[in-house]
Every structure is written in structure tokens, then in C-alpha cells.
Amino acid sequence: MLNLDKRLIDDVYARLMISNDGLMADNLPQELNTIALSTPHTTLAQIALLSQFDEMMINQAPNSPLTHTPPLPILNKPALPSHLQRLARQVLAHNQLVYVVRTLMMIDERGYSVPPTVWLPPKFMLSKLDGNQNYHEYFEGELPSDYLSWCAWVDGYHNQVVPDDEILTADNWEQWYPSSRLRLLKELRRTNPKFALDLIAQFAPKEPAEKRLDLVAVLAVGLSDDDKEFLESLLKDRSQKVKDEAKRLLARLGVYGEQDGLADELFDELEFGASGIAFKSTKNNKQRETRYDNLQKVNLFDLAKKFNLSLKEFFLAWDFHHHTKHHIYGSYNQVLSERVIGLLSDDELEDIADDLIKIVLKENHLYYWGLVRARLPLSIRQEFAHKNFLKGKNFAYLIGISPDTFDMGFKALQVTTSYKKLAHNIKQWQEKDGGYINTGSLGEQILALGLMVNQSTAKDCLNALYELGVDKTDPALQTLTLNALLEPLKSP
């Protein structure tokens, strides 16, 4: 063991810093001088060695035993080609989750995964990328399942190993990362709903409230009368959110709860006008506030019956435009939409999908679509995206509602209103500002475009934007460039 104290290190270190190579320091242990003499630059070697000793003396031992972290899980697909990794890293550094997820989806669809030097799920994104996966309410797309093992690793689930057979059972329940478990439960609800129910009934009571709520919400998939008994038991749950979720699911099964006097009270304050059902006009702010509170509490099935309507008919008869204009305390529309959509079955929502699309397009408010989107078939969601595309919505808007890429060539794309608007805005930018587009709304639109077209169209888009004056190194072109250069992996 070398005998070096702090004062000696500081003294020798100071003299070495002003020495020339080859001038050996006095009082330096022979062991270090021997190592230093074997290098081309002895003074630098001595400085490096002393710095290491200094660091070792300053650093204190940890207060508790060090935790062993196992290696990061290896993904199943080959790594993204090295010449594209820097570009992918720049794209994945984006702070908007939709661009991160859609980029990873594109890379996954081409047959690759990203290495951890390119991207690891940051801690602040974990609650959005997994868990109850509420991000589905805000945009289309899903993190490729391979990366869930990385989410688990970053989140500290180091001792949990996903079984190779990928079958969720009571015996291996604890081995699964929560988001992986939720995905498998949803799959089980489609193939073996009774087994999934038994697992949820066994393990949900042991979970904290938020995780318990996530598990109960899974029962919405394949909901049937077989779930009634368990859902009714949850009406005594210690969490109000779990109770409310159980009530919503029971309502879809025809268990509506007790009648209340609020239905009569609200019925007297509503009228069926030329544009639909709306509250009678009033200038009394207190009355408006009371109506808002009552709408959150009333048994909506009873209220609909007062108009001789089913709940879905009542919802479609609601005058959304009137309440958008006149309610000042909060949106009547928002309260009604949240409650009714939670009470209708998946089949009922699919029945009124066309009408819902008309309402959302007319009111131009994606919030209502976000409430229902995840429960509708892919075909209906794609139809909604297509109708917005025909209306000329910009690509930053479209990427959030489009389940799939636009499978069209550049000739078809360039005559669309959405692309024409983008090209016009780029021309205006060049005339007014010039230089990199980089950030802002225009940059977001180009980034979104790069994730919404196929590889061939991406190449043509790049050439077209070059002709419009966009610099080839502009960061706004990163997704288009990655899309154009990323060749699909060829099968062996």
C-alpha cells in the first residue's frame, strides 16, 4: 500500500503542473515513478496517477452497501445501422412523446432496435410510456413492446425477469413489469377473459390505489356479465376512483344504480330546441354553477329517460355548440362526454362513431375524440384521420390522430391541402426569415411529415423541400432523412 498523505499530494501535484516533461518530482513513491517512466510523457503520467490517488482520498465510502445493477436487457432485433445512430439520437432527443414513440415504431417496423447509446427511456417519461398508458388518450401509437424491459430497468425493476414463454400466470405475476403485465392482461381478456378476471381479483386488492385502478380498468376489454360479481364487490373499495370505475363498468352491463331527484331537477332546466338539448338561458351565475355540479352527479340514464331517449341518443341530441358558447364555469360538454363515454359499451360507441366524428370535426376539439379513440376499431380511427386530412389539417395535428402512415406517393401527397399549406408556409419562411427552420410550428409540421409517409415518399419530400430552399442540414428534416435512409432489414 502506497503511503501518500494529502499534503504531499498537493505539494507534488502543484510542482508537476509547472514542470516540463521528463522532470521527475521529488518525494514521489518509486512505484509511481516506475509507472510514469514507462510512458512517453512522464509528467502527464505523474499528474494522472496523483489525481487518481487524490480522488480516492476525497471520496467517502457509501453509507449503505452498493446495489448490484444487472446488465441492461438485450433487445431481440438487431441494432440500428451505425451510420444512422447519430441522426436517430437527435430525433429521439425531442421532448414531445409522440415523436419519440412514432420514431421508435418506424425503426421497429423496418426491423431494427436502437442501442442504449442512442436512446434510453428517461425517468420523466416512464409514467407516460407505461403504467396506465394514458398517453393513448392524446395520440395514436404505442411504444414497441421490446422497450418495456428497458423501462423496467430504468425504473429500478432489476430483479424482475420477463419469462421467455410470455404467458402471465399467478405464479409469475411478480416477475412482470407493471406495463408489461397490463398489456398481457388485455390480451388475456380477449382470449381467456375468465382467467384474466381471476388474476385481477386475486392480485388487485394487494396493490396501491392507482395500480389497483389500472387493473380494474382492464376489465373494460371483453366486459361481460361474468364480471358483475367482482365489480359489485369493488363498490366497497377504499379508493373512490376504483369505486367510480366499477360503477362505470357496471353501468355498461345495465346496472345503473339508484334513481335520484337530480334527474327531475335538471330535466326542468333543460329544453329540446332546434339544435338539440340545451340548458335554458339564464344570467344567474350561481344557477349555472349549480347546473354544472348537478351534471357531474346525476344518474344520466334517468335523465335520458325523461326525454324518452336512450343514453347514447341523449348524448347525440346534446347541443354541443350552444354549451361551448355559453358556459363560463367549465364545460358542460366535457362533463357530459366524460361521463357518457365511460358508461356506453364498446358496441354502442362503435354504433355512434360516425356521429361522434361529425361532432368532433364540427367543434374542432380533439379532447372528445381522445376520450373514445382507444375503444374504437382501427378502421374507424383511420377514417377519422383521413377526414381531417381532407380538411387540410397540418401534419403536426394529423400525426396525433393517425394510426398508420399515409400510404401514398409524392404526386398524390403534393396536391393535398395539407401539403400545399406546408409548402406555402415554407416559402413564406424563406422570404421573411430564411436560415434553419429548426423549431416552432413549421418545424414540428415537417418533423411530423417525416414520420407519416413511406420511405419512397420521404425521399421525394426531401428533394421537394430542398427545391423550396430548405437547407439539407436543417434539423427540421431529421425525421424525413432518417425515414429516407433507413432501409428495411432484409430477411436472411
Side-chain angles (χ1 to χ4, degrees), residues 52 55-56 58-82 84-86 88-95 97 100-101 103-135 141-188 196 199-200 202-204 206-208 210-212 214-215 218 489 492:
Q52 291 180 20
E55 183 71 15
M56 290 170 62
I58 292 173
N59 285 344
Q60 301 297 317
N63 294 326
S64 58
L66 295 177
T67 302
H68 173 69
T69 300
L72 186 71
I74 298 174
L75 303 188
N76 295 321
K77 294 184 177 179
L80 183 72
S82 58
L84 296 177
Q85 290 184 10
R86 180 179 179 184
R89 186 184 303 113
Q90 292 168 340
V91 175
L92 293 168
H94 204 287
N95 58 8
L97 193 58
V100 173
V101 171
T103 299
L104 292 170
M105 286 173 62
M106 179 180 72
I107 293 171
D108 183 75
E109 288 163 3
R110 302 277 170 93
Y112 298 98
S113 61
V114 296
T117 52
V118 170
W119 182 82
L120 266 178
K123 279 260 185 182
F124 75 90
M125 277 190 181
L126 291 181
S127 61
K128 300 175 183 178
L129 286 170
D130 48 64
N132 58 16
Q133 298 178 29
N134 282 335
Y135 67 88
E142 186 171 43
L143 183 73
S145 58
D146 269 3
Y147 296 104
L148 290 178
S149 62
W150 282 7
C151 290
W153 189 89
V154 171
D155 206 18
Y157 283 75
H158 298 142
N159 297 322
Q160 300 195 17
V161 181
V162 178
D164 293 334
D165 54 12
E166 294 191 358
I167 297 175
L168 178 65
T169 66
D171 292 335
N172 65 26
W173 177 274
E174 296 297 336
Q175 292 179 279
W176 294 90
Y177 186 54
S179 57
S180 301
R181 196 160 52 210
L182 286 174
R183 287 193 186 189
L184 289 172
L185 278 172
K186 289 175 183 177
E187 291 174 11
L188 273 176
L199 287 175
I200 293 171
Q202 179 179 347
F203 290 99
K206 304 173 186 177
E207 297 286 353
E210 286 301 319
K211 285 186 167 52
R212 196 160 67 249
D214 294 340
L215 292 172
V218 172
L489 181 67

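Values below: all heavy atoms of this structure, side chains included; hydrogens, waters and symmetry mates excluded.
The local environment of NZ in Lys211 is sparse, with at most 12 non-hydrogen atoms from other residues, nucleotides or ligands closer than 6.0 Å.
Contact detail for Thr117 and Arg89: the closest heavy-atom pair is O-NE, 3.1 Å. Nearest heavy-atom pair, Leu120 versus Trp150, reported as atom, atom and distance to 0.1 Å: CD2-CE3, 3.7 Å. Nearest heavy-atom pair across Pro121 and Val154 is O-CG1, 3.4 Å. Here the shortest heavy-atom pairing between Pro122 and Trp119 reads CD-NE1, 4.1 Å. Arg212 and Ala204 get closest at one heavy-atom pair: CD-O, 3.2 Å. The minimum heavy-atom distance between Tyr147 and Val114, with the atom names listed, is OH-N, 3.1 Å.
A distance of 5.5 Å separates CG of Leu75 from OG of Ser149, quoted to the nearest 0.5 Å. Considering CG of Leu148 and CG of Asp155, their distance stands at 11.5 Å, rounded to 0.5 Å. Tyr112 contributes atom OH, which lies 8.0 Å from atom CG of Leu80 (distance to the nearest 0.5 angstrom). Of the inter-residue distances, the one linking Leu143 atom CG with Arg183 atom CZ reads 6.0 Å to the nearest 0.5 angstrom. In this structure, the separation between OG on Ser113 and CG on Leu104 is 10.0 Å, given to the nearest 0.5 Å.
Taking the side chain as every heavy atom from C-beta outward, Leu188 and Leu184 never approach each other to under 4.5 Å.
Every pair tested for salt bridge (charged side-chain N to carboxylate O under 4.0 Å, His left out) that includes a residue from residues 145-154 fails, sequence neighbours excluded, so the list is empty.
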Residues Thr103, Ile107; criterion side-chain contact (heavy atoms from CB on, under 4.5 Å); working and verdict = CA-CA 6 Å; Thr103 299; Ile107 293 171; 4.0 Å; yes
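Between the side chain of Trp176 and the backbone N or O of Leu182, no donor-acceptor pair lies under 3.5 Å.
Take Thr169 and apply the side chain to side chain donor-acceptor pair (under 3.5 Å) test, not counting sequence neighbours, and it matches Asn172.
Ion pairing between Glu207 and Arg181 holds under the 4.0 Å rule for side-chain N and carboxylate O.
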